[in-house]
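Working notes, beginning with the structure itself.
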Amino acid sequence: MNKEVNMHNLVKPESDGLADSNLARDIGYVPMKDGTRIAYISYHPKTGRHPTVFLYDPYTASASPFSLAKPYLEAGYSFVGANFPATGCSEGVIECWVDGFDHKVGLYGAEVVEWIAKQSWSNGNVGMIGNSSSGTLQIWVAAEQPPHLKAIVASGVEDGYEDCFSLGGMLQLQTAAGWSLGAEFVSQASGAEDRIRAGDTECAVIRGSSRQVIKRSFFDEVRKHPLKDEWWDSAYLARHEVAGKVTVPTMLIAAWQDTYGGAARESARVFTQLLSNVEHKKLVLMNGDHLIGQPGAEAYSLVVDERIKFLDRWVKGVENGVDHQPPVTVYWEVQEPNGDPKKSVAGWITRHEAWPEPAVERRPYYLATDARMSPEVGLGLNESSRAYLYPAGTELYGNNQQFAIQPYSEGVLNYRTDAVISDMTLLGNPEVTLYLSIDSGDDADVQLTLKDVDPEGNILFLQSGLLRASLRAIDETRTYADEVVHSYRTFEKLVPGNIYEIRMSFLAPIAHVVRQGHSLELTVGAPNPIPLRNIGSIPAGAPSINRVYHSKKYASKILLPVVPGAVAQAPAPPYGTLRAQPYRRGTDFVQGGLPIR
C-alpha cells in the first residue's frame, strides 16, 4: 500500500488547546518509496507557506500535543512530528529497536523531510529539533543529505554502546533494561494509544501485524555484545560514514551532568572531530541533566531561545547575527529558581572559538598517601600506597537524598586539595591516571566522583567517571586533549599483585569555578546497582583489597583543565538550585581507606 492517509482536523482544534481558528492539525501517514508508511502529526496555519520544524523519534512524536508545537507555531513555523519505523503507529520491519541499528531510520526520516517540503503549507525549508533519541536521529537523517533539510538542532546526542555501558564498559541496568524496555513497551505504545483515542483507525490494525515488526529485542542483543564490536559500530554516529556526511548548519546542545551516554562528551567529540563539512556549526554547553534540551516543559528556557535563534537564522533566513558569534557557547552555573526551568538563568556566558578552549592549561595535581591532592609529585618508596576494600564503598549522586549518605569509609579513598587562594576556573574534561593493583579476582570497576568543598565543609557534586579496569586499552586514534577514548574491544584481565596504569576521563567535561577558600575533592570507589538517575551497574571481579599508588614511579594524578586568570563573574549559586548537582551539608573530611600500608 503506497497511499497517503490524511485525517485532517481529526479532532476539533479547541479540544486540544488549539484555539486559533487559522491553525489546522492533520494526523496521517507518509508513504515511503518502498511502500512503508510513517505515522505523523502536523500543526500548521491554514493559509500561506511556512518553514517547518520536524521532530522525529521512536516514542510519541506522531502524537505530539499542541502544547509541544505551540512555541514553534508562535515563532512562525509549521510543526511535524513523526515516529520512526516500527514504533508508535508507524509501519516498518526493522532489525532492532534503537536509533541506528537499521539504516532505514535515516533514510525514512530524509523521505519525510522531502514530503514536508511538498505540502501546500510548506515553503520547502525544514529544520529538525529533538533531544536524546530524537537528537541522535537528526545526525542519521542529515547524513542522508535531503535537499530541503536546512538545519538541525540536536540535544542530548548519544552513543549506543556508551549509553548502555556508560563510557566505562559496565552494563548499566537502568539504561540497558529500564530505559530500553520501558521505551519500547510503554512510551511509544502510549503515543499510539493517544492517536487511537483521537480517532486514528489505521493504527490499531498496524500494531501487532506483519506491517510493524521488530525482529530482535534490544536488551537481549545488548547482553550478547559486552564489547564495542561490529554490531555496535554499525549503529555508531560519531564516524565519518555518518556524522562526517552532515553538511547542513548544525547546533549541538548538551549538559555536563547528563549521564545518558555522556551527551556533552559525545557532542564535543562530534563537534571537534567530525563536522568538517559543516560551515556553520555551534556547540552549546551548560550544567544540567539529560532533559535540558527536551522539547517540552522540562527544557531550560535559555535552550529554547538558542534553538529558535538558530532555526530562525538557517531555516527562516533571518539575519540575527547567530552566524557572527564564536562557534562555542558556555552557560555557567545555570540556576532554576523554585525549580522552574522556564525561569532558568545563567550566572554568566562565555563564547569560544574552539573546543577545547585553547587557553586551557592542564595542570597536574598528584594524589598523596596523606589523602592530599597537590601540585607536588608524591615522595616516597615505590610501594607507597593507600588501600580500600572493594567493592564496599560507593558514592550515590542521583539526588540530594542519595548524596547525603556518605560512602562507607573503608571502601573508598578520598583526596582533597588545600583551599585555593584565588578562584580556579575549570573548563574541560579532567583526566585521571591511577596506578592500581588488586589482591584477588581478575578485574575491578573504578568509580570517581569530583566535588567542590566550601569553607564550611558543604560538598557539591561536579562530575563522575567510570571504567572497568580490564577495558583500560586506549584508542589513540580518537583520543584528544579533552578526552581519553577507550577502545572497549577486548578484555585484558588483571593479575593480583601487578600494578596497572588506569587512565580515564570523566563522563563529560565541566565548567566550574572553585572559588577562593574552596577545595576540590576526588573520591575513588566502586559502582553499585542502585540507579544514580540512570547509572547503576554490578561491580566486576571479586572482593579484594585494592591499592592506589602514589610515588615518583607510580604517580597517580588528576589533570585539571584550568583557564588561567579567569574568575567567577557572579556570586556562588545557592545549594539546591543547580539541576543534577546534589549537595550535602558540612561534614569533617574523612580520608577513607583501610588502616594498612
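In this text the structure is predicted, and so the values were computed from the model without any measurement.
Of all heavy-atom pairs between Pro341 and Ala299, the closest is CB-O, 3.3 Å. Heavy-atom minimum distance, Gly124 versus His148: O-CD2, 3.0 Å. Across all their heavy atoms, Ala75 and Ile308 have their closest contact at CB-CD1, 4.1 Å. Across all non-hydrogen atoms, the minimal contact from Val485 to Thr479 is N-OG1, 3.0 Å. Scanning both residues, Cys203 and Ala192, for their nearest heavy atoms gives SG-CB, 3.8 Å. Nearest heavy-atom pair across Trp355 and Pro509 is CZ2-CB, 3.8 Å.
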Contacts table for residues 242-253: side-chain donor-acceptor under 3.5 angstrom, sequence neighbours left out:
unit_1 : atom_1 : unit_2 : atom_2 : d
Thr250 : OG1    : Val248 : O      : 2.9

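Considering only heavy atoms from C-beta on, Leu285 stays 4.5 Å or farther from Thr329 through its side chain. For the pair Gln174/Ile535, no side-chain contact is recorded, criterion being any heavy-atom separation below 4.5 Å from C-beta on. Under the 4.5 Å side-chain criterion, counting only non-hydrogen atoms from C-beta, Lys46 is in contact with Asn22. The closest side-chain heavy-atom distance from Asn123 to His50 is not below 4.5 Å. Using a 4.5 Å cut-off on side-chain heavy atoms (C-beta onward), Val80 and Ile41 make no contact. Inter-residue side-chain proximity for Thr52 and Tyr72 is flagged as unmet; no heavy-atom pair is nearer than 4.5 Å. You'll find the side chain of Asp159 stays beyond 4.5 Å of the side chain of Leu237, heavy atoms only. Looking at Arg211 and Val205, their side chains come closer than 4.5 Å, going by heavy atoms from C-beta outward.
Once rounded to the nearest 0.5 Å, the distance linking SG of Cys89 with CZ of Arg37 reads 10.5 Å. The structure places OG of Ser133 at 7.5 Å from CG of Asp57, a figure rounded to the nearest 0.5 Å. Note that CD1 of Ile94 and NZ of Lys215 are 10.0 Å apart. Values are rounded to the nearest 0.5 Å. Atom OG of Ser344 and atom CG of Leu302 lie 4.0 Å apart (nearest 0.5 Å). Here CG of Asn83 is found 7.0 Å from CD of Gln188. Values are rounded to the nearest 0.5 Å. Atoms CG and OH, on Asn125 and Tyr77 in that order, are 9.5 Å from each other to the nearest 0.5 Å.
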Exercise. Any chance you could lay out the salt bridge (Lys or Arg N to Asp or Glu O under 4.0 Å) test for Glu111 and Lys33, step after step, and finish with the verdict?
Key: CA-CA 8 Å; Glu111 288 191 44; Lys33 294 175 182 177; 5.3 Å; no
Quiz item: Between Ser90 and Tyr108, is a side chain to side chain contact (heavy atoms under 4.5 Å, CB included) present by the stated rule, with each step listed?
Solution: CA-CA 11 Å; Ser90 289; Tyr108 287 177; over 6 Å; no
Quiz item: Val284 and Val330: side chain to side chain contact (heavy atoms under 4.5 Å, CB included), yes or no, with the steps?
Solution: CA-CA 6 Å; Val284 182; Val330 176; over 6 Å; no
Practice problem: Determine, step by step, whether Asp233 and Lys228 satisfy the side chain to side chain contact (heavy atoms under 4.5 Å, CB included) criterion, reporting the C-alpha distance in whole Å, the side-chain angles of both residues, the deciding distance to 0.1 Å, and the verdict. | Solution: CA-CA 7 Å; Asp233 286 344; Lys228 198 168 188 180; 4.2 Å; yes
Exercise. Please report the C-alpha distance between Val141 and Met128 in whole Å, then the side-chain angles of each, then the deciding distance to 0.1 Å, and finally whether the side chain to side chain contact (heavy atoms under 4.5 Å, CB included) criterion is met.
Key: CA-CA 9 Å; Val141 174; Met128 294 188 73; 3.7 Å; yes
Exercise. Report the C-alpha separation of Glu336 and Lys343 in whole Å, then their side-chain angles, then the decisive distance to 0.1 Å, and conclude whether the salt bridge (Lys or Arg N to Asp or Glu O under 4.0 Å) test is met.
Key: CA-CA 6 Å; Glu336 294 180 291; Lys343 297 179 180 178; over 6 Å; no
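A donor-acceptor pair under 3.5 Å is formed between the side chain of Asn429 and the backbone N or O of Phe506. With Asp194 contributing its side chain and Arg197 its backbone, the two residues share no donor-acceptor pair below 3.5 Å. At least one donor-acceptor pair closer than 3.5 Å links the side chain of Ser217 to the backbone N or O of Asp220. A donor-acceptor pair is defined here as one N or O able to donate and one able to accept, closer than 3.5 Å; such a pair exists between the side chain of Gln172 and the backbone of Gly536. Under the 3.5 Å distance criterion, the side-chain polar atoms of Gln463 are matched with a main-chain donor or acceptor of Trp256. Not one N or O on the side chain of Ser122 forms a donor-acceptor pair closer than 3.5 Å with the backbone of Lys118. Looking at Thr136, its side chain does come within 3.5 Å of a backbone N or O of Ser132 through a donor-acceptor pair. Between the side chain of Arg533 and the backbone N or O of Thr259, no donor-acceptor pair lies under 3.5 Å. Checked by atom type and distance alone, the side chain of Gln138 pairs as donor or acceptor with a backbone atom of Ser134 at under 3.5 Å. No side-chain donor-acceptor contact under 3.5 Å links Asp289 to the backbone of Ala255.
For residues 310-322, every residue pair satisfying the salt bridge (Lys or Arg N to Asp or Glu O under 4.0 Å) rule, not counting sequence neighbours, is listed here: Asp312-Lys316, Arg313-Glu319, Arg313-Asp323. The ring-ring contact (aromatic ring centres under 6.0 Å, His included) analysis of residues 276-295, with sequence neighbours excluded, yields the pairs Tyr260-His290, His280-Trp314.
A 6.0 Å sphere centred on CD of Glu476 holds more than 12 heavy atoms belonging to other residues, nucleotides or ligands. Atom CD of Glu298 has 12 or fewer neighbouring heavy atoms from other residues, nucleotides or ligands inside a 6.0 Å radius. The neighbour count for Glu241 CD, taken as heavy atoms of other residues, nucleotides or ligands under 6.0 Å away, is above 12. More than 12 non-hydrogen atoms from other residues, nucleotides or ligands lie less than 6.0 angstrom from NZ of Lys281. Within a 6.0 Å sphere centred on CD1 of Ile349, heavy atoms belonging to other residues, nucleotides or ligands number more than 12.
Cation-pi contact between Arg478 and Tyr480: absent, since separation from the ring centre below 6.0 Å together with deviation from the ring axis within 45° is not met. A cation-pi contact, defined as under 6.0 Å to the ring centre and within 45° of the axis, is absent between Lys70 and Tyr43. By the 6.0 Å and 45° rule, Arg195 stacks over the aromatic ring of Tyr29.
Residues passing the side-chain contact (heavy atoms from CB on, under 4.5 Å) test with Ala297, sequence neighbours excluded: none. Every residue two or more places apart in sequence or in another chain that forms a side-chain hydrogen bond (donor to acceptor under 3.5 Å, both in side chains) with Glu221 is listed here: Lys224. When the side-chain contact (heavy atoms from CB on, under 4.5 Å) test is applied to Gln325, the partners found at least two apart in sequence or on another chain are Lys282, Arg351.
Between Tyr56 and Phe54, the distance from one ring center to the other falls under 6.0 angstrom.
Below 30°, between 30° and 60°, or above 60°: for Trp231 and His225 the angle between ring planes is below 30°, a parallel geometry. Under the 30°/60° scheme for interplanar angles, the aromatic rings of His486 and Tyr488 are found to be tilted.
Checked by atom type, the side-chain pair Asp475/Ser487 shows no donor-acceptor distance below 3.5 Å.
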